[in-house]
Every structure is written in C-alpha cells, then in structure tokens.
Amino acid sequence: MTQPILTINTGAACANWRALDVLSGTAETAAAVKANGYGCGAVEISRALEAAGCRTFFVATVEEGVSLRTALRDPVIYILNGVADREDAAACLASGLRPCLNHPGQIETWQGQTGHTACALQLDSGMSRLGLQPSELEKVPGGIDVRLVMSHLACADEPGHEANAFQYENFVCYADVLKDRVPEALRSLAATGGTLLGQAYHFDLVRCGVGLYGGAPYMQARPVVSLETPILQIRDIPAGQGVGYGWSWTAKRPSRIGILPLGYADGMHRALSNNATLYICGKPLPLIGRVSMDLITVDLTEHPQAQVGHMVEILGPNQSVDDLATAAGTIGYEILTSLGQRYTKRYTQD
Ligand SMILES: *Cc1c(COP(=O)(O)O)cnc(C)c1O
C-alpha cells in the first residue's frame, strides 16, 4: 500500500505527562485531549495516560466528552466550551461530564437541568475569551456543585510578558470572591506554558496539552509524532521544465523529481510550497513546487539511489513538529491538529 505512515508514540506522551507531573509538584496534572488529542487520537492517548496515572481530562465539546467517556475507566472529564443549551446539559449529565460554565447563561442552563452534578466555573482573568467577567462573580448562585475554578493565560509561552503576573493577580482575587460559595473547588490557571512558569502558577491542578504531544513551549518534551511517506513516482525532467500547479518551480538543470502521496488535505500546509525540507536516509530533500491537495513534489536530483517505495521523513529525528511549523509560518499546535485522516496510523509505546 502506498500511504504515508503516522506513528504516534503513546509511551513518549506518558513520559511527557510524568515529567510535567513532577514539574507541577503537588498540583494534579490533567491532560487536554481536545481536537482528537491534538490529532494524535484522543482515545489512544487518554487510555495510555490513564494507565500512567492521569485522572482528569479536558476536551472542548460535549461530543468529544461523550466519546471519551466510554473509552476510559473512571475519568473526570471537563468540557471547556461548556453547555450551549439544554441538550448539551442533558448529554453532560447522562455521560457524567463536567461542563466549564463560562457565562451567566451557561450557569442558568446547568442550574435548570434537573439533577445537575459537578461542574467548573471559568473566570476571565484578562484573556477576553471565555469566562465570567469580574462584575458577574457576585451573581454566581449557590447550589451548584463547583469542583474547579479555572482561568486561562493569554501569554504563558512568553515568560517575561506582563500579562502573566496581571492575570495571576486577577485570578487570585476573583477566586477569593467566590471562595465562600464554592468551598470544595480546586483552582487551576496553567496550561503547558503556565506549568513552565513555575510553582506560583500551579495552584491545585494544571491542564497540560501541547507539552504531552511534544510541542513548544515544552522544549524538553519527547517527540510523540513521526510521519513518513513512501515515494509514489519518480520522473526525470529536462532543464527549463515546470513542476506542479502554477509551474512555481522550474528545473535549472536536468532533474529527478519525486512525487509523494500527501498534500494540504493531509496537513501539509500549502504555505510549505517551495519552502520545506524533508529527509531521505537522514539527508535533506527540498520540497519543490506547490503543495497540492493530495501530492507534493521533491527534488531527488542529489539522491540518484532513491527508488519508488523508499521512505521519506516529514516529521521524525531530523524534523520536529515545531521545525515544520516554523517553515509553514504557524505553530506546532496547528501542525498536530491538522494531521490527516488518511494516514495509516501506528501506535507504539517505546
Ligand atoms: C487547550 C487548552 C489547554 C491546554 O493548552 P496547552 O497550551 O496545549 O497546554 C488548557 N486550558 C484551556 C482552557 C485550553 O483551551
């Protein structure tokens, strides 16, 4: 079969979780597994993390939570986007999911759900995204079972950024306003970046995502994902001949062109056109021409020994997720979450 192979090392993800768990000290280390576990497979990653000792998981949507619930033994699952309507609230209740209530309307929806159970409150400490505003804190009603009071940092990947201390101060102050009404609640401010900012940011629970999957800002992470593809076809072209859509690359010399079976529909961002290096037998291999939907082209002129079926490394020992992200003008998160559905997925535990 001529298909790219995406290898996901759940053992490395567990090692990253353990290392972040050591860093976070006495705080609990929860895992963010939204967007299908950052493209790595939410079920496979979560099962491995659960076996390693992780007890609490965060996903974005109720649908993600429902499918994760049946895959794990006895997890705590928080829904970051909360409950938009009664249908969401009923689904959370039926599956034992804990919604993060982000504004007064969501609190009302949850409160209106007969038999409502544990939930989280999200506060906006300065990111101006989800969460209750300071003026709304006084109106949080009693009688809801809040287990977690959380907020999210806007600039945690820049340790020196003034927003970090600003949001920290706000979070402490806002959580204090709520303290008497939600005495059982744990406090949580940090994702991966916040966990790396140091102990002050850890509170009771940290919510690590990208660091588990081997991405910046957790530079000590073990890589989790590798991607390689067989060469689908090789052709020789004369000097002066154009390659691919728009003829955006033209051979300056007689050239040997390799065609690889993955494209922007598989997460090879189109911004990588004429602008990425892949590797064959550990040696650099320039991506040339436009990235198309299902194919990319490489210049094999310097690799006369390469044959159809030989493997080319896209992500692996020579190229990290963040290296490829830099070439594409994006971040590792976007490379991971756009990894394609068409790959043959292999899970290892090395
Ligand atoms: C995605 C997300 C996380 C995890 O973030 P990373 O930067 O991937 O560690 C934590 N908290 C919230 C609210 C999130 O949306």
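Just follow the structure's listing: the first ligand is 1, and inside any ligand the first atom is 1. What you see is a predicted model; the values in this text were computed from it and never measured.
Within ligand 1, counting atoms from 1 as listed, the ones closer than 4.0 Å to a heavy atom of Leu80 are 13 (C), 14 (C), 15 (O). Close approach of ligand 1 to Val210 is summarised as follows: ligand atoms under 4.0 Å from at least one heavy atom of the residue are 6 (P), 8 (O), 9 (O). Per-residue contacts place Tyr38 under 4.0 angstrom from the following atoms of ligand 1 (heavy atoms of the residue considered): 1 (C), 4 (C), 5 (O), 6 (P), 8 (O). Counting the atoms of ligand 1 from 1 in the order shown, those under 4.0 Å from a heavy atom of Ala32 are 4 (C).
The shortest N/O to N/O separation between Ala191 and ligand 1 does not fall below 3.5 Å. Of the polar atoms of Gln122, none of the N or O atoms is found under 3.5 Å from an N or O of ligand 1, judged by distance alone. Taking distance alone, with nitrogen or oxygen atoms compared against 3.5 Å, Gly209 approaches ligand 1 more closely than that limit.
In this structure, the side chains of Cys14 and Leu49 come closer than 4.5 Å at one or more pairs of heavy atoms.
Judged by the shortest distance from any of its heavy atoms, Arg129 lies inside the 4.0 Å radius around the atoms of ligand 1. Assignment of Tyr213 to the shell around ligand 1 is not supported, since no heavy atom sits closer than 4.0 Å. Residue contacts with ligand 1 leave out Phe58, since none of its heavy atoms falls under 4.0 Å from the ligand.
For the ring-ring contact (aromatic ring centres under 6.0 Å, His included) with Tyr213, the qualifying choice from Tyr38, Trp17, Tyr218, Tyr333 is Tyr38, the only one to do so.
Between the side chains of Gln122 and Asn102, a donor-acceptor pair is found at a separation under 3.5 Å. Of the N and O atoms on the side chains of Ser24 and Thr195, not one donor lies less than 3.5 Å from an acceptor on the other residue. Judged purely by distance below 3.5 Å, without hydrogens or angles, the side chains of Glu313 and Ser226 never pair a donor atom with an acceptor atom. One side chain, Tyr78 or Arg98, offers a donor N or O that lies under 3.5 Å from an acceptor on the other.
When only non-hydrogen protein atoms are considered, atom 7 (O) of ligand 1 lies nearest to Tyr333 OH, 2.6 Å. Among protein heavy atoms, the minimum distance from atom 9 (O) of ligand 1 is reached at Thr192 OG1, 2.5 Å. With respect to atom 14 (C) of ligand 1, the closest heavy atom belonging to the protein is Lys34 NZ, 2.9 Å.
Within the 4.0 Å heavy-atom criterion, both parts of Arg207, backbone and side chain, lie near ligand 1.
Once rounded to the nearest 0.5 Å, the distance linking CG of Leu132 with CG of Leu137 reads 6.0 Å.
Between Phe171 and Phe203, the ring planes are perpendicular. Angles over 60° get that label, and only those under 30° would be called parallel.
Of all heavy-atom pairs between Gln3 and Pro230, the closest is O-CD, 3.2 Å.
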